[in-house]
K.L.:
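Below is the structure I would like to discuss, written out as structure tokens.
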Amino acid sequence: MTPLLELQDLGVTYRTADGDLEAVRGVDLTLQPGETLGVAGESGSGKSTVAASVLRLLPKSAKVTGNVLLDGQDVGAMRWGTLRAARWSEASVVFQGAMHALNPVQRVGKQIAEPIRLHTAASEAEIDSRVRELLDQVDLPAAKARAYPHELSGGQKQRVMIAMALACDPRLVIADEPTTALDVIVQAQVLDLLGRLVEQRGIGLVFITHDLSVLASTCSRIAVMYRGRIVESGDAKEVITAPRHEHTAALAAAFPEVGDAGSRYAPATARPLPDEGERDPQQPVLLSARDLRVHFRDRTGSTVAAVNGVELDVRRDEIVALVGQSGSGKTTLARTLLGLQRPTSGAVYYDGEPLPVSTSGLRDYRRRVQLVLQDPSSALNPRHTVYESVAEGPRIHRLDGDERDLVVSALEAAELRPAEQYLTRLPHELSGGQRQRVVIAGALALNPSVLVADEPVASLDASVRGEILGLLLRLRRQLGVAGLVITHDLGLAWNIADRVAVMYRGELVEVGAVEQVLLEPRHDYTKALLAALPSAGRDDARYAG
Amino acid sequence: MTTSPTDQHATDPDERRDGTSTVRYVAGKVGGALVSLVFVVALGFFLFRMIPGDPLVTMTRERPTDPEQLAHLRERLGLDRPVWQQFLDYTNGLLQGDFGTSYMYRRPVGDMIAERVWPTLLLVGTATVLAVLLGLWLGVRAAWRRGGTFDRTQTGIALALWSMPQFWLGLLLLIATQGVFPSRGMTSVDPPDGFVPQALDVAWHLTLPCLTLLLVIYAQYMLVMRSSLLEEMGADYLRTARAKGLRDDLVRRRHAVPNALLPTMTLIFLQFGMVVSGTVTVEAVFSWPGLGLLTYESLRGPDLPVLQGVFVILAGSVIVMNLLADLLYRVVDPRVRAS
């Protein structure tokens with residue numbers, strides 16, 4: 001049988017101003033109809049380049065060697081007309097980031113209909129009913145055809161992308177990070193949908209992601225890419241449970257299984273963690289919220305309770321993970337705790353005192369409680385050197401002492417050593433992990449007692465993720481810095497947190513020790529969150545009941 | 001599988017509520033425009049009061065007048081009253097459509113502006129429409145083949161023309177065309193009979209001033225369209241469109257250009273008001289009987305009521321155009337409707 005897709009010794013080289021960049025080297029892959037192949041790798045591993053090369057969607061600066069055979073036909077040798085005819089009707093793509101992959105000013109129904117109109121001679125009525133049928137297949141009401149992308153949630157947009165990919169009944173679908181940036185529950189729905197479609201229609205699916213645990217539940221075979229090469233491939237379960245290549249092991253370790261004792265308080269970091277000292281369970285409460293409520297008015301004028309009666313304590317020398325899906329009010333709660341948002345009622349206390357209202361009082365307070373944002377690339381001013389970025393806080397707060405010493409010791413505390421080497425660098429000269437360390441150093445320069453971190457590793461690569469989590473854990477153990485980590489990632493909580501607070505529709509539905517909440521969840525929502533976690537299948541019976 | 005609450009209950013467009021938010025949006029924008037207009041009126045009034053020199057001196061320049069006549073004149077024009085009183089009188093008049101009386105021509109300023117506004121609108125409107133069409137077309141072509149010969153030469157030419165003074169370019173064109181086109185006025189001294197011949201006569205007179213204005217202003221539309229399209233060209237949805245099998249020109253026409261047009265549109269409207277106020281030199285060079293020429297003539301006075309009236313009209317047109325741009329943007333960009 002002719003394989004649906006065959007890559008033979010595929011190589012892609014980008015010509016850049018700094019010389020040639022080999023993005024993909026010697027990649028061989030085959031996919032049979034009805035099969036699901038997972039391609040895993042970090043950003044820069046070349047996995048998206050492989051995806052783009054299948055439909056010859058690479059930019060002009062790319063030079064392709066080797067062969068791409070789509071149903072036995074060489075894509076590289078196709079004439080433009082033949083290629084255009086093959087695009088979407090033979091193979092389609094579910095692109096990464098549905099937010100940007102959809103035209104923002106066109107109704108989604110029109111965008112789904114576009115390839116049908118292009119590749120078939122269907123009448124308007126037929127196209128209309130086909131769009132309905134496609135939306136129905138991805139569990140969206142037909143009325144959503146008239147919606148613009150911004151009127152849909154992230155999960156709905158991803159469904160639209162999938163509906164669009166199926167529009168011309170392709171035999172091959174390439175899904176490039178289809179669930180990244182989605183909440184666990186929505187991710188589970190999208191994965192379930194993709195799995196069902198593959199099964200029902202016998203299409204071949206290439207599933208590209210950085211998250212190995214997602215592949216475990218969807219793919220039969222996995223290929224792991226690293227620096228443009230496939231370093232390991234084989235049966236999905238085998239690759240994940242018994243990785244042969246060290247990079248595969250690093251990828252697998254980055255997303256810990258909740259309940260796996262080996263990864264509790266043990267993020268995947270290369271540096272050793274300091275031993276846990278004697279822990280005093282009666283540490284003083286640093287930051288607390290009492291019956292905190294924040295109400296917003298939406299554009300229709302009705303009141304929305306973003307934070308609805310929250311009671312939360314963060315003690316010295318502990319890390320609390322605040323988990324919940326987007327829209328649950330996590331970020332509003334964090335903003336209120338930081339004094340960036342005024343509560344409608346209730347109060348925030350720091351060290352037993354209510355939060356000051358005066359500007360200078362708030363400034364002092366913010367010195368004690370520092371914020372670390374999700375995306376270090378946008379949190380740092382691109383024109384400021386590392387030194388400037390870190391020194392800004394001490395300057396604003398007019399800290400005593402030599403500025404340079406403060407900056408150097410903050411960078412060292414954030415494990416950028418030797419610090420002198422980084423002082424004059426600009427953000428674009430640093431890797432993602434180093435940038436996040438600079439952001440953390442900027443917070444540490446003020447010698448805070450609490451770090452509030454909003455998804456601190458969500459935009460980082462798998463291998464860097466463990467290092468940053470390790471840093472947060474070390475800061476707590478060595479300096480006693482308390483942490484409130486806002487995340488949608490339960491594995492992160494399992495990795496470093498002492499307590500978990502689960503937020504759902506503005507309320508904390510469950511607060512308690514990590515082991516208690518994650519292993520014996522009481523609230524239905526916590527159970528749903530845990531059930532939605534993709535699992536390598538080591539112990540599926542755990543969450544039953 | 002558990003269903004996610006947020007996923008299922010995400011924004012369902014609710015027509016009735018959309019309606020009230022539209023009304024609120026429009027009311028807000030119109031209110032803002034009215035406030036700006038009030039500021040413009042006040043600014044115009046006091047600005048022209050600060051011009052040194054006694055208007056009576058200019059008015060009575062070549063005539064011997066005795067102090068009694070002067071005092072009488074001062075009283076008749078209301079210039080003997082306190083400034084704030086004059087301002088109240090002025091705004092009161094404005095509300096009734098009375099812009100005051102010209103010192104030089106002793107005619108109502110409103111009438112003078114009314115007869116000059118149409119020639120200016122004709123000139124600016126024609127030039128803007130042509131400049132927009134030319135600029136957008138060139139901008140799209142330049143961006144799509146970025147860095148190519150077309151891009152480089154066209155961007156260079158447009159920038160060179162953009163930096164030329166209008167009067168100088170006008171004079172150059174006059175010399176270059178060697179009297180093929182008329183050099184002054186909007187109609188021939190002895191206009192032909194019938195509508196079509198008259199329209200052709202006006203068009204013939206319009207050619208050079210319109211061409212001058214067009215050449216100077218098209219660059220901004222081209223450059224904004226070019227950069228706006230360049231920004232869109234890296235967008236992911238264009239890759240989606242290509243992956244669907246769309247031809248390159250369809251990708252451009254259906255997906256890239258509509259998105260890139262949005263920021264350009266605001267500029268078109270904003271600039272329209274600016275171009276109106278920028279016609280002073282072109283109208284002066286070609287003696288085009290519009291608001292620009294009226295300003296030019298009144299400046300020699302200075303004929304304060306006329307200048308003040310023209311100022312209010314020009315500034316008002318910028319505000320109104322800005323308002324239109326805001327409202328139109330909401331119609332064409334679905335995202336603005338949501339926020």
K.L.:
Is chain B contacted by the side chain of L102(A), its backbone, both, or neither, given a heavy-atom distance below 4.5 Å?
P.N.:
backbone
K.L.:
If the condition is side-chain contact (heavy atoms from CB on, under 4.5 Å), which residues does V224(B) pass it with, not counting sequence neighbours?
P.N.:
T264(B), L267(B)
K.L.:
Around atom CZ of R117(A), are there more than 12 heavy atoms from other residues, nucleotides or ligands closer than 6.0 Å?
P.N.:
yes
K.L.:
Quick one: does Q111(A)'s side chain get under 4.5 Å of R254(B)'s, heavy atoms only?
P.N.:
no
K.L.:
Within a radius of less than 6.0 Å around CZ of F39(B), do more than 12 heavy atoms belonging to other residues, nucleotides or ligands occur?
P.N.:
no
K.L.:
Kindly write out the residues that satisfy ring-ring contact (aromatic ring centres under 6.0 Å, His included) with F46(B), not counting sequence neighbours, or none if the list is empty.
P.N.:
F87(B)
K.L.:
Give the minimum heavy-atom separation between P104(A) and P334(B), together with the two atoms involved.
P.N.:
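Scanning both residues completely, I find the closest heavy atoms to be O-CG, 3.9 Å.
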K.L.:
Using heavy atoms and a sub-4.5 Å threshold, report which of residues 225-247 of chain B line up against chain A, by residue number.
P.N.:
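Expected list: D236(B), Y237(B), R239(B), T240(B), R242(B), A243(B), K244(B), G245(B), L246(B), R247(B).
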K.L.:
Only pairs at least two apart or in different chains count here, so list each side chain to side chain donor-acceptor pair (under 3.5 Å) that has a residue in residues 132-146 of chain B.
P.N.:
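Sorted result for residues 132-146 of chain B: W144(B)-D248(B).
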